[in-house]
Structures are given as C-alpha cells and as structure tokens.
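Note: hydrogens, waters and symmetry copies are ignored here, and every other heavy atom, side chains too, is used. Note on naming: letters A, B, ... go to the chains in the order of the sequence lines (proteins, then strands), and numbering restarts at 1 for each one.
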Number of protein chains: 2
Amino acid sequence: MKETADQARLGPEHRELLGQVLDKWSLEVLDRLCERPRRFNELRKAIPGLTQKSLTTTLRRLERNGMVERVVVSTRPVGVEYRIARLGKTLQDLIDALLSWSATHLPEVERARERFDAAES
Amino acid sequence: MKETADQARLGPEHRELLGQVLDKWSLEVLDRLCERPRRFNELRKAIPGLTQKSLTTTLRRLERNGMVERVVVSTRPVGVEYRIARLGKTLQDLIDALLSWSATHLPEVERARERFDAAES
DNA sequence: CGGTATCCAGTCCGATACTG
DNA sequence: CAGTATCGGACTGGATACCG
C-alpha cells in the first residue's frame, strides 16, 4: 500500500454508541450515579435544566445499553432507584477525565471563541 | 453538612463545550486530524456518511473553539488544509480512550441491548 | 476545490395533562 | 413518586444548485 489506509477507526455502530453514552445529559447522569444510587426525582433536581421527559429518555437509553440498572423499591408509594451498572462503571474514569478536561480548558476555549468571533468581520 | 451537597460538577457552559467537541462527527474529525493535516475533501472521503454541509459545520465549530486551524494553501486551484491546534491536541488522549472504550465494550453493549429488548414484552 | 444558499422533511424538546 | 401521551415550535440534516 502506497498511501495511508484511511480506514475508519470506528464504524457507524461505534458512533451511535458513543452518541448514546456521551450525549448532552448522559454524562451528567452517569456521573451522579457513579457517586451513589439515586431516585428519579433526586436526579431530576440534581441536574438543573433537565426535564422529566429528557431524564426518562436518557435513563431508558442508558438502561438499554447496560449502563445503569433500574430497581423498583417496594415502599409506599413505590420508588424507583437507579444505580450504575458494571458496564457503566467502565466509563467512570473516562467521564472524570472529560469533566476535568472541560473544567481545565474552558477558559482557553472561551478566549479562542472571542478571537474567532472578532476575526469574522 | 448533613447531606451531600448535590452541586453540579459542571454548569451549562461545560455541557455546551463537551457537546460541541464530542458530537457525532467531531470525534472522528479530530481523530483524523491528530494523525496529520488534511484537506477538506480528503476528510470528507475519509469519513463515510459525513456530508459536505455537516463537515463544514463541524470544522467551523471546531475552529471557533480553538480545536483546529484552517490554513489556506496558495496552489492552483486554492486548497484549504485543516490541522489540529494546540488546544485540540489536549483532547487526543481522551479521544483515543473513548474510541478504545467503544471498541472494547461494544459487544457487551449489544448483548445488553438484546436482553433489554427481549425483556420489554 | 471548497465552500455558501436554500428548501424541506424528520427529529428533538418543553409544556401540559393525565395515570397507577 | 414515577412515569406515559400528546402537541407545537425549534432545530438538524440531506439534497440540490450555484459561486470564487
């Protein structure tokens, strides 16, 4: 082969998976569940801006992908507890790294944005 | 403090930043540009399914956030080269980790999905 | 070659109302 | 408490045509 192979390092399936796991709210939900199990409304309150509908959708998707477990607690009235699953734990370090990266580099990114916005005359 | 603080570990700005950098196509574009600088159409061909419009949008956003640099090459006809910027390089290890995670755990995730889909009667 | 402009269909998301 | 159902508006993404 004379040229670089240019093979895709990930197919559509990988893109889909990362999209489902790293999406807008999933990161934060997973992060919270890594700390400890949480109830539905507890999660809702812990993450400002997250609506009930989006939380439901996010949790279903994470559950389907084996990232979290849904446990019905037989109290009165019934409660539902979500906890991180084994497969979800394998993401914990990655999530921490992402949040750290974001915290560290946000100021630089903001400066880059200002420069860019100023340049586009 | 008697209860956990429940403070958000990241505000909306961090969510936005991660959303712009980790989105569907950005990961793959950044990954390619980490290897070496690329031309517009070279990128386009290297990433199946990515349309011209989406590539343009993705590159603009990455440029604005200081992740990539756009260099006009004075050839005939003119070419445009994209290269990873210093700030973008700080993501390289993270991106590698994400792609590896995806490659490693996709089979398990698929089994989890089958189980879930079978269970929901 | 590397875009921009426009249109248009599909999807997402919040608000609201209702349920076991 | 923890959802489901539904609806309208915003946003996204693809197809196409054209430009420097």
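Note that CG of Leu43(B) and CZ of Arg32(B) are 8.5 Å apart. Values are rounded to the nearest 0.5 Å.
Listed pair Arg39(A) / dA2(D) meets the phosphate criterion, a side-chain N or O lying under 4.0 Å from OP1 or OP2. Side-chain N/O atoms of Tyr82(B) include one lying less than 4.0 angstrom from OP1 or OP2 on dG3(C).
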Quiz item: Could you write nucleotides 11-20 of chain C as a row of B, S and -, 5' to 3', where a protein heavy atom under 4.0 Å of any base atom gives B, of only sugar-phosphate atoms gives S, and otherwise -?
Solution: --BBB-----
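Separating the CZ atom of Arg44(B) from the P atom of dG3(C) is a distance of 12 Å, rounded to the nearest angstrom. Remark: C1' of dC1(D) and CD of Glu42(A) are 13 Å apart, rounded to the nearest angstrom. One can place CD of Glu81(A) at 12 Å from P of dG3(D), the figure rounded to the nearest angstrom.
Ion pairing between a basic and an acidic side chain is recognised when a charged N comes within 4.0 Å of a carboxylate O; Arg115(A) and Glu69(B) show no such pairing. Between Glu35(A) and Arg83(A) there is no salt bridge, since no side-chain nitrogen of the basic residue lies less than 4.0 Å from a carboxylate oxygen of the acidic one. Remark: Glu42(B) engages Arg36(B) in a salt bridge, criterion side-chain N to carboxylate O under 4.0 Å.
Panel note: side chain Thr56(B), backbone Gln52(B); a donor-acceptor pair is recorded below 3.5 Å. In this structure a side-chain-to-backbone donor-acceptor pair under 3.5 Å is present from Thr57(B) to Lys53(B). Side chain of Asp23(A) to backbone of Ser26(A): a donor-acceptor contact under 3.5 angstrom is found.
Contact check of residues 59-74 of chain A against DNA chain C (heavy atom, cut-off under 4.0 Å) returns no residues at all.
The shortest side-chain heavy-atom distance between Arg38(A) and Glu81(A) does not fall under the 4.5 Å cut-off.
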